[in-house]
Amino acid sequence: MAALLCSLVALSEKAANLARIIRSEKALFDLLVEEKKGEQKNKRFLQDFKTLGDVLIQEMIRHDIAQKFPSLEDNVFGEESNTFTNTLGESITVAVQPTEAQTCTLLTKVLDGNACAASLLAKAVHQEIHMPPDSRLDNLSVEVDFDSLGIWIDPIDGTAQYIKGRSEDTPADGIHEEGLKCAIILIGVFNRNNGDSLMGVVNQPFDIIDQGDRWRGRHVWGVSCGDTQVNSLPSMPANNDPSTPGISVILSRSEEEDIKTALRPITDGKVKYAGGAGYKMLCTIDYLVDAYILSKGSTFKWDTCAPHAILKSMNGGMANLAKALEIYREFVKKGSGDGSDSAGLDLREAELRYEEPDANGSKEAGQKWANAGGIVAYRSKDVLLQVLETLSNYSNL
Ligand SMILES: [Mg+2]
């Protein structure tokens with residue numbers, strides 16, 4: 001497992017590097033922000049250069065994992081299909097080729113002859129990334145059956161922030177409401193037999209700007225497998241300072257007013273907002289907030305698998321909000337009081353799972369792998385209980 005984790009960390013860095021190159025090389029950046037209209041759009045394979053960036057990162061991760069761990073090749077999943085079709089019905093499959101030159105030739109076709117952009121991308125895809133050794137991995141000796149593993153990838157979460165790219169906003173309490181810092185790469189490993197999230201790498205490609213005016217990224221990882229709970233986070237004091245009452249939560253600006261109202265009694269005004277689901281989960285992992293709550297089914301398995309494993313390794317987790325509320329209400333109804341004595345309340349059934357679509361999920365196209373019922377990402381069981389108690393007072397949730 002340590003070898004797989006090392007590889008995924010290095011791959012997340014390689015993906016972050018590609019994400020930074022697309023923004024820093026003019027030939028690529030112009031394509032990213034270009035709006036194609038009318039005929040120009042129709043003759044191309046590509047409706048959207050951003051989609052190519054996503055597909056390329058996803059295929060690069062799949063390719064590199066398969067090289068090192070052949071048994072995982074068929075179990076790497078993501079949002080994007082790697083086949084592009086133009087209006088003439090011609091299809092082309094984007095996959096990393098044996099050599100840089102071959103990848104470049106293939107990308108030139110997809111990019112309608114733009115050899116300059118293709119060669120920049122091909123070079124980044126075939127680059128070797130060497131990571132400094134991580135001593136925290138030395139003691140990690142979890143043996144897992146590789147045949148039972150699956151991997152969910154989100155190549156770039158927070159696309160709108162990635163393309164808009166504003167980064168000059170002033171953070172409130174360390175949280176950036178928008179901009180490049182909200183763009184996140186997510187690689188999560190799960191058990192295909194029982195759906196548990198096991199291991200995750202969350203990479204923030206745009207963390208700080210160095211003295212050479214270049215973006216530098218960062219990553220965090222975590223493993224939650226049986227008795228093994230390890231992560232790369234610095235040990236920080238829990239931010240439950242008794243002098244500041246209430247828990248802090250992060251939401252999407254577009255969250256339901258009912259949720260915002262319901263959270264008032266437990267947050268004492270500590271409600272934050274930011275773009276990007278991956279980024280909001282990272283804020284929870286980074287101790288900037290206690291929980292991330294989303295009432296809509298607008299996240300997907302590829303968004304949550306990696307941060308879920310990291311939160312589990314910190315003694316937290318990620319629950320299906322609707323399911324957790326159902327279990328909580330049932331528990332209270334059975335005469336177990338108001339839920340404040342939570343002994344006997346078992347919320348494990350509500351934890352998100354990754355091996356199959358949610359049973360109550362939408363049948364709409366593109367929604368198959370949505371986390372139906374919304375989510376609560378939390379760093380401690382106590383926080384989850386407080387959230388459920390207050391939200392359970394609202395019958396429409
Ligand atoms: Mg996403």
Side-chain angles (χ1 to χ4, degrees), residues 8-9 11-20 22-23 32 48-62 76-81 151-167 175-190 197 199-207 215 217-222 250-255 272-286 288-289 292-294 296-311 318 352 354 366-371 374-375 377:
L8 296 185
V9 166
L11 274 173
S12 84
E13 277 301 312
K14 200 170 161 184
N17 195 36
L18 195 49
R20 286 188 291 263
I22 290 173
R23 284 204 56 97
L32 186 70
D48 177 358
F49 178 70
K50 190 260 156 197
T51 309
L52 177 65
D54 269 3
V55 170
L56 199 55
I57 291 176
Q58 189 177 297
E59 291 308 310
M60 178 185 82
I61 295 173
R62 188 201 309 278
V76 179
F77 310 107
E79 177 177 15
E80 306 291 351
S81 154
I151 298 182
W152 278 116
I153 301 169
D154 191 344
I156 300 174
D157 184 71
T159 309
Q161 308 297 333
Y162 177 64
I163 294 173
K164 264 197 299 181
R166 287 187 39 223
S167 54
I175 294 170
H176 292 261
E177 264 207 46
E178 56 178 11
L180 277 174
K181 295 201 182 202
C182 304
I184 304 289
I185 293 161
L186 305 152
I187 308 175
V189 180
F190 66 98
S197 60
M199 184 159 90
V201 181
V202 173
N203 196 308
Q204 187 178 29
F206 307 93
D207 177 33
W215 278 103
R218 62 187 277 257
H219 66 263
V220 296
W221 55 258
I250 193 161
L251 308 173
S252 160
R253 276 264 171 223
S254 60
E255 185 51 85
K272 318 282 181 198
Y273 298 97
Y279 179 68
K280 288 190 274 285
M281 294 181 247
L282 181 61
C283 287
T284 314
I285 290 167
D286 280 339
L288 295 170
V289 290
Y292 163 40
I293 298 152
L294 175 75
K296 300 184 189 85
S298 53
T299 64
F300 296 85
K301 300 299 174 194
W302 50 80
D303 294 315
T304 51
C305 186
H308 189 178
I310 299 173
L311 284 164
M318 212 170 322
L352 297 182
Y354 295 91
Q367 292 297 305
K368 182 179 174 189
W369 293 103
N371 290 309
I375 58 172

Are any of the side-chain heavy atoms of [X] and [Y] separated by less than 4.5 Å?
X    : Y    : value
L186 : I153 : no
Y292 : I250 : yes
M60  : K14  : yes

Establish, yes or no, whether the cationic atom of K181 lies under 6.0 Å from the six-membered ring centre of F206 and within 45° of the ring axis. no
Distance check, rounded to the nearest 0.5 Å: [X] atom [atom1] versus [Y] atom [atom2]?
X    : Y    : atom1 : atom2 : value
K164 : E178 : NZ    : CD    : 4.5 Å
W369 : K301 : CH2   : NZ    : 8.0 Å
L8   : I187 : CG    : CD1   : 5.5 Å
L180 : Y162 : CG    : OH    : 8.5 Å
L288 : C283 : CG    : SG    : 5.0 Å
K272 : I175 : NZ    : CD1   : 5.5 Å

Taking only Lys NZ, Arg NE, NH1 and NH2, and the carboxylate oxygens of Asp or Glu, determine whether R253 and E177 approach each other closer than 4.0 Å. yes
With the threshold set at 4.0 Å, does a side-chain nitrogen-carboxylate oxygen contact exist between D286 and R218? yes
side-chain contact (heavy atoms from CB on, under 4.5 Å) partner of F300, the single match among Q367, E79, K368: Q367
[X] versus [Y], closest heavy-atom pair with distance:
X    : Y    : answer
A309 : G200 : CB-N, 3.7 Å
P205 : I185 : CG-CD1, 3.7 Å
L251 : I293 : CD2-O, 3.4 Å
N371 : T304 : ND2-OG1, 3.1 Å
M281 : M318 : SD-CE, 3.6 Å
L311 : A377 : CD1-CB, 3.8 Å

With side-chain contact (heavy atoms from CB on, under 4.5 Å) as the criterion, how do K280 and S252 come out once you've worked through the C-alpha distance, each side chain's angles and the decisive distance to 0.1 Å? CA-CA 9 Å; K280 288 190 274 285; S252 160; 4.1 Å; yes
[X] side chain to [Y] backbone, donor-acceptor under 3.5 Å:
X    : Y    : result
D157 : G278 : yes
Q161 : G179 : yes
K296 : S254 : yes
D154 : D303 : no

Evaluate side-chain contact (heavy atoms from CB on, under 4.5 Å) for E13 paired with H219, printing each intermediate quantity in order. CA-CA 8 Å; E13 277 301 312; H219 66 263; 3.4 Å; yes
Determine, using ring centers only, whether H308 and F190 are less than 6.0 Å apart. no
With a 6.0 Å cut-off on ring centres, are F77 and W152 close enough? yes
Flag for Y279-H176: side-chain donor and acceptor within less than 3.5 Å: no
For a side-chain contact (heavy atoms from CB on, under 4.5 Å) check, start with the C-alpha distance between T51 and E80, then their side-chain angles and the critical distance, and finish with the verdict. CA-CA 8 Å; T51 309; E80 306 291 351; 3.7 Å; yes
